[in-house]
Amino acid sequence: MAKITPSKIDVAVIGSGFAGLAAATTLASKGLKVTVFERHHQAGGRARQFKCDGFTFDMGPSWYWMPDVFDRYFAQFGRTVKELYDLRRLDPSYRVEFSQGPMDVPADIDPLAQLFETIEPGAGGQLKRFLSEAKTKYDIGMGRFVNKPAHSPLEFARLDILRDAPRLQLLRSFSSHVRKHFKDPRLIQLMEFPVLFLGSKPQNTPALYSLMNYADTALGTWYPMGGMHQIVEGMVQVAKEQGVHFEFNCTVEAILETQGKTSGLRVGGVNVPCNNVIAACDYHHAEQHLLPKTHRRYDEAYWDKRAMSPSSLLFYLGVNRRIPGLKHHTLFFDTPFDAHAEEIYDDPAWPKDPLFYVCAPSVTDPSVAPEGCENMFLLVPTAPGMADDQEACDRIYGQIMDRLEARMDVPIRDHIVYKRQYDHRQFVADYSAYKGNAYGLANTLRQTAFLKPKLKSKLPGTWFAGQLTTPGPGVPPSIISGQVAASEVLKASGLDGIPETVNIEQLEVFEG
Ligand SMILES: Cc1cc2nc3c(=O)[nH]c(=O)nc-3n(C[C@H](O)[C@H](O)[C@H](O)COP(=O)(O)OP(=O)(O)OC[C@H]3O[C@@H](n4cnc5c(N)ncnc54)[C@H](O)[C@@H]3O)c2cc1C
């Protein structure tokens, strides 16, 4: 535990994930004195990085989607992505291993549409129509919805928003929306994977979230050389440029209250006075464990009723050989999709025959593995709140390795020189993650916008940010969440908040 020297702080931020970094930097850029308290020795939260035996592993996010969000974020502080990290677009964007064989998803729309056409006559045109609608949702959502604090439905009761609401397709299910356009099971799985992996069953997800297909397919899949942690390093650099102070190895033990208002934090037994706190750690942890009981808006029964997004069973692997034909991102959809979805969402169980995902950044980036080696992680989505079962984890590892080796047609297990397992237990230990969730709340209609846990605490002066509040899970939404929470603090301090609308003309457009 680092020694804290209490000094005057305008805002204390708990956690240095994307939300905490964005909140702190936004506030500091407006002249407030901000300190970030982080439990770990490094920033990044779920996007931390570790190095071992010459391998550099990103621990969490690996898909860099919505590049416009990062561009706009850094531009607010007079910086560009280019100055901070070397971003490359991946082509193919990713590979999908179906039972019928592999499919490489090209980065450009026209070759993708041609590929769809070879699988299902007419599907190329359908893809363009689907993406054109998805672009509308993306533009409306990103331009007018996500930057709102979502305190109440009234914020959305403006004429222009109400006029656009039907185009967001909030009341239609993602599953039926996809099936309206495509019949081939492979194309359906391809379109459904972003919502399944990050949120909830497509049947329970509003068609609004096809905006993620626009992000994935049209805006592209990118990679910052050196790893996803480069984004964190860029954000920390900009935070420091704006004057943010960091206290690492500091676990916040309580949010303090005096006379009904926020009066500081307790960190390592020391009281740190300040009138504003942004809790950018897991919401449930902050509200149920750090806030005084009388100021909690929710109780354990509320949390137990939330639909959580999946946890993950991860294996970080260092392999002392190259694997010919391996892609940067490969999704293994060679076993039944619905069965695994049920085991995550309906009838929680360790999956019998899991879908999984392989990330191998060494395919793009030689800096993350020793020469002649591959760096990869395998990710299996699992139900949140599972009981520990190492035997099940070992069984799953064996199953997915069998499938990976069969598809790659090379022995891999014999060449593993580094292996680390990471599962729901570590999500709880490292992030105090409710039920060991990896990505926060599921993206269901009942957990969208003002129906999410509120950004504003019942205790005046305390705010929440991060993937469990508005706008939701994922790196770009977490950044936006931090900025929206910071904006609320600015407004409460009599300063100008950040704009709630974004000029959508600035977005790179795809005209379907
Ligand atoms: C395996 C995995 C893969 C993912 N893949 C993708 C992807 O490809 N693309 C994508 O966009 N998103 C992805 N995500 C989701 C994305 O990583 C998260 O939505 C995002 O990183 C959440 O950021 P956050 O700031 O809300 O929370 P966190 O990153 O969890 O940050 C919270 C911080 O608070 C700290 N903290 C907690 N309690 C305390 C305390 N009491 N005192 C001090 N500090 C505390 C924690 O240490 C942590 O640093 C993935 C997530 C995981 C886990």
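The figures here come from the full heavy-atom set of this structure, side chains too, leaving out hydrogens, waters and symmetry mates. Residues take their numbers from the sequence shown, with the count starting at 1. Counting starts at 1 for both ligands and their atoms, in listed order. Only a predicted model underlies this, so the values are computations on that prediction, with no experimental measurement involved.
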Asker: Is Ala286 in contact with ligand 1, taking contact as a heavy-atom separation below 4.0 Å?
Answerer: no
Asker: Going through the checks in order, is the side chain to side chain contact (heavy atoms under 4.5 Å, CB included) test met by Ile498 and Thr26?
Answerer: CA-CA 9 Å; Ile498 59 164; Thr26 305; 3.9 Å; yes
Asker: Look at atom 34 (O) of ligand 1 and find which of Ala22, Gly15, Ala47 reaches it with the closest heavy atom.
Answerer: Gly15
Asker: Determine the interplanar angle of the Tyr64 and Tyr85 rings, folded into 0 to 90°, and report it as parallel if under 30°, tilted if 30 to 60°, perpendicular if over 60°.
Answerer: perpendicular
Asker: Determine the minimum heavy-atom distance between Lys201 and Ala341, stating which atoms define it.
Answerer: CG-CB, 4.1 Å
Asker: Consider every N or O of Arg39 and every N or O of ligand 1, then say whether any pair is closer than 3.5 Å.
Answerer: yes
Asker: Examine ligand 1 and decide if any of its atoms is less than 4.0 Å from a heavy atom belonging to Tyr422.
Answerer: no
Asker: Does any non-hydrogen side-chain atom of Phe248 lie less than 4.5 Å from one of His40?
Answerer: no
Asker: What I want to check is whether the side chains of Asp216 and Tyr94 have a donor and an acceptor closer together than 3.5 Å.
Answerer: yes
Asker: Please confirm whether Gly44 comes under 4.0 Å of ligand 1, counting heavy atoms of the residue only.
Answerer: yes
Asker: Hey, are the side chains of Leu291 and Ser457 touching, using non-hydrogen atoms and a 4.5 Å cut-off?
Answerer: yes
Asker: May I ask which of Val475, Asp282, Asn437 has a heavy atom nearer to atom 16 (C) of ligand 1 than the others do?
Answerer: Val475
Asker: Backbone, side chain, both or neither: what part of Phe37 comes under 4.0 angstrom of ligand 1, heavy atoms only?
Answerer: backbone
Asker: Specify side chain, backbone, both or neither for Cys250, according to which of its non-hydrogen atoms lie closer than 4.0 Å to ligand 1.
Answerer: backbone
